[in-house]
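Structure, as structure tokens:
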Amino acid sequence: MITSFPLPAGWPATEARARAVQEELRSRVVLGEQGPAPGTGTVTGVDVAYDDARDLVAAAAVVLDAASLEVREEATAVGRAGFPYVPGLLAFREVPAVLAALRGLATDPGLLVCDGYGLAHPRRFGLACHLGVLTGLPAIGVAKNPFTFTYPEPSGARGSAAPLTDGAEEVGRALRTRAGVKPVFVSVGHRTTLESACAHVLALTPRYRLPESTRRADALCRRALEEASGSA
DNA sequence: GCGACAG
DNA sequence: ATCTTGTCGC
């Protein structure tokens, strides 16, 4: 079923307003909190898939048991994308759909694992920060690319990490989740620390480069998009 | 001005 | 993100 996503208060219509919203909301990011202990409670992966031709966006939220990585609950939401993809403004394209999917969960999401950045962002307010602030949940960002940031290559061993930097500032970490495979780029979203975020990511990657939470959410939102496209 | 640029 | 064949490896 295709729905119309409710937009959060003050939702911007232009890029300039969107950047202003980021500048304003970033003061609400809570840093320094330890956050949930890796391997305990629940962890929720969120991801979004698109069908640009039909202007469809599908979001998925998959709750995993943090210890066993078994799926506890899943939810999806499909609707129209209300914002184009603009580097640095990804959240405005994905947040309404993700919030709709999260509202469909009965289980406590625990930690939110987002596909993209948190503090590793031009204005230090990436998708993971945005979702964290709007939901109040602890959140982290796990991206597949370093974006505009730089990092020294971490050693080839799983678990090795190197700082992801913007000038002299460490905005995240390049973390090797599989030996000899390109690292993932982890950053803090809300209510947790970079060390804890990296520990969570390692706990979520026993076998593949990307967190199980992300892989499950990715597969689910693609499926939801297929079903919606087929019946539209 | 031009290129780069999370998903 | 998405478009796409074959291919190497566990």
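Here is how names work: the chains are called A, B, and so on, in the same order as the sequence lines, proteins then strands, and each is numbered from 1. Quantities reported herein were computed from a predicted structural model and do not represent experimental measurements.
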Give the rounded distance in Å between these two atoms: CG of A:Leu225 and P of C:dT2. 7 Å

Grab the CG-C1' distance between A:Asp47 and B:dG7 for me, whole Å please. 8 Å

Whole angstrom is fine here: how far is it from CG in A:Asp52 over to P in C:dC3? 10 Å

Nearest-angstrom distance from the residue atom CZ of A:Arg93 to P of B:dC5: 18 Å

Rounded interatomic separation in angstrom, taking CG from A:Leu127 and C1' from C:dA1: 13 Å

Rounded off to whole Å, could you give me the CZ-to-C1' distance for the A:Phe83 and C:dA1 pair? 17 Å

To the nearest angstrom, the CZ-P distance between A:Arg178 and C:dC10 comes to 11 Å

In whole Å, what is the span from the NE2 atom of A:His121 to the C1' atom of B:dC5? 11 Å

For the pair A:Arg124 and A:Glu23, find out whether any cationic side-chain nitrogen is under 4.0 Å from an anionic carboxylate oxygen. no

Kindly confirm or rule out a cation-pi arrangement of A:Arg173 over A:Tyr151, judged by NZ or CZ under 6.0 Å from the six-membered ring centre and within 45° of its axis? no

Ring-base stacking, A:Tyr85 with B:dG7 (5.5 Å, 30° cut-offs): yes

Separation between CZ (A:Arg191) and OG1 (A:Thr135), nearest 0.5 Å, reads 8.5 Å

Do the side-chain N or O atoms of A:Lys144 get closer than 4.0 angstrom to the phosphate oxygens (OP1, OP2) of B:dG7? yes

